[in-house]
Amino acid sequence: MRAHFCRLTVLIALAAILNACGSPSAAQPTAAPVVAAPTTAPTTMPTAAPPTVPTSVPTAALEVTDALGRRITLDRVPLRIVSLNPSVTEILFAVGAGPQLVGNTRFCNFPPEAAALPEIGGVTTRTISVEAIVDLTPDLVLAGTASQAPVVEALEELGIPVIVFAPNSFEDVYANIEQAGYLTGNTLQAAEVVTAMRARVDAVTAVVAAVPAAERPTVFWEVFDEPLMTAGPDTFIGQMIDLVGANNIFADAAEDYPQVSAEAIVERNPQVILGPDSHAEKLTPEMVAQRPGWSTIQAVETGQVFLLDADMTSRPGPRLADALEALARALYPPRFP
């Protein structure tokens, strides 16, 4: 599942571009309800500033083992960091290392300060510009998926150290946040971010534990509609569905983001249909009901079609806690007011 976030980000970006390029019509379909994120962010994001030495700088060399199993040693805290993934960017700002970030991707849009930084391209090896990274003279590059290995190799040949984050679970995300804090001299703030995330996840699962089995809905998550794609059990979306006690109708999928047939969805008859808000134009109760056979699906009959923030649900970073809470609110509104 190493590359599933990269693939999902591209799909979401494609959907967003298609929506943006469409001409507005006189009668737009009513959008599915959007489940909002908490009004209070889990982590206070620092305002961007020129790179400075963090307050708690380790005196010894920094040594870490990254997701590719490589042992990386830095002789000092990096002051010029380039991020190759939106989730990495969000982690760096969350732990207080925003001032050390000097470049990121065109998809890095949170917090707002991230969007103002120089861009090095997209998130795939085909769209990342090694030249743009070199021009920023980084003393560390942080990758966000194992699929970026070719870029990692190219940068290493140029003498630029690269550390790869490729999380597959919530525990991996916590470890990445702590590692980012360690590397940037922000260990205490990273620990606080992890502690807050764990508490929020535990609060959701504690409430869900009291939900009777009969009230736990069957769920279909629509990643894309042409072709129809869903989220398998090993993705972060699949994990969040499990954490809220719901039943993914494609929990038997062997792939992370498999193509599925409309007939299979009708046959499995989900009680709730969910998807990213970047897919909003196609995923409305009215549009879904027009698909052949879908008007008989329970979720369509009862209007249980909801949209969640595309970025939060696709990025393995601090806002996964927000995504989990939004998912819980969509499925159990009385229990998560």
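The figures here come from the full heavy-atom set of this structure, side chains too, leaving out hydrogens, waters and symmetry mates.
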Residues 145-155 vs salt bridge (Lys or Arg N to Asp or Glu O under 4.0 Å), sequence neighbours excluded, gives none
Q: Indicate yes or no: does E215 engage R335 in a salt bridge with an N to O separation below 4.0 Å.
A: yes
Can I get a per-line list of side-chain donor-acceptor pairs under 3.5 Å for residues 288-298, giving both atom names and the distance, sequence neighbours left out?
residue	atom	partner	partner atom	Å
R291	NH1	E222	OE1	2.7
R291	NH2	E222	OE2	2.9
R291	NH2	K282	O	3.4
T296	OG1	G293	O	2.9

Residues at least two apart in sequence or cross-chain that pass salt bridge (Lys or Arg N to Asp or Glu O under 4.0 Å) with R71, listed by chain then number, are E63
Salt bridge (Lys or Arg N to Asp or Glu O under 4.0 Å) filter on D202, not counting sequence neighbours, yields none
Contacts of N109 meeting side-chain hydrogen bond (donor to acceptor under 3.5 Å, both in side chains) (sequence neighbours excluded), chain-then-number -> D311, R315
Taken in chain and number order and not counting sequence neighbours, the residues that satisfy salt bridge (Lys or Arg N to Asp or Glu O under 4.0 Å) with R106 are none
Side-chain donor-acceptor pairs of residues 156-167 under 3.5 Å, sequence neighbours excluded:
residue	atom	partner	partner atom	Å
E156	OE2	R70	NH1	2.1

Residues at least two apart in sequence or cross-chain that pass salt bridge (Lys or Arg N to Asp or Glu O under 4.0 Å) with E263, listed by chain then number, are none
Within 45 degrees of the ring normal and closer than 6.0 Å to the centroid, is that where the cationic atom of R268 sits relative to F220? no
Sequence neighbours excluded, the answer for side-chain hydrogen bond (donor to acceptor under 3.5 Å, both in side chains) partners of T205 is none
Residues passing the side-chain hydrogen bond (donor to acceptor under 3.5 Å, both in side chains) test with T302, sequence neighbours excluded, are none
The complete set of side-chain hydrogen bond (donor to acceptor under 3.5 Å, both in side chains) pairs with one or both residues in residues 132-141, sequence neighbours excluded, reads R76-D139, R80-T137
Taken in chain and number order and not counting sequence neighbours, the residues that satisfy side chain to side chain contact (heavy atoms under 4.5 Å, CB included) with P334 are none
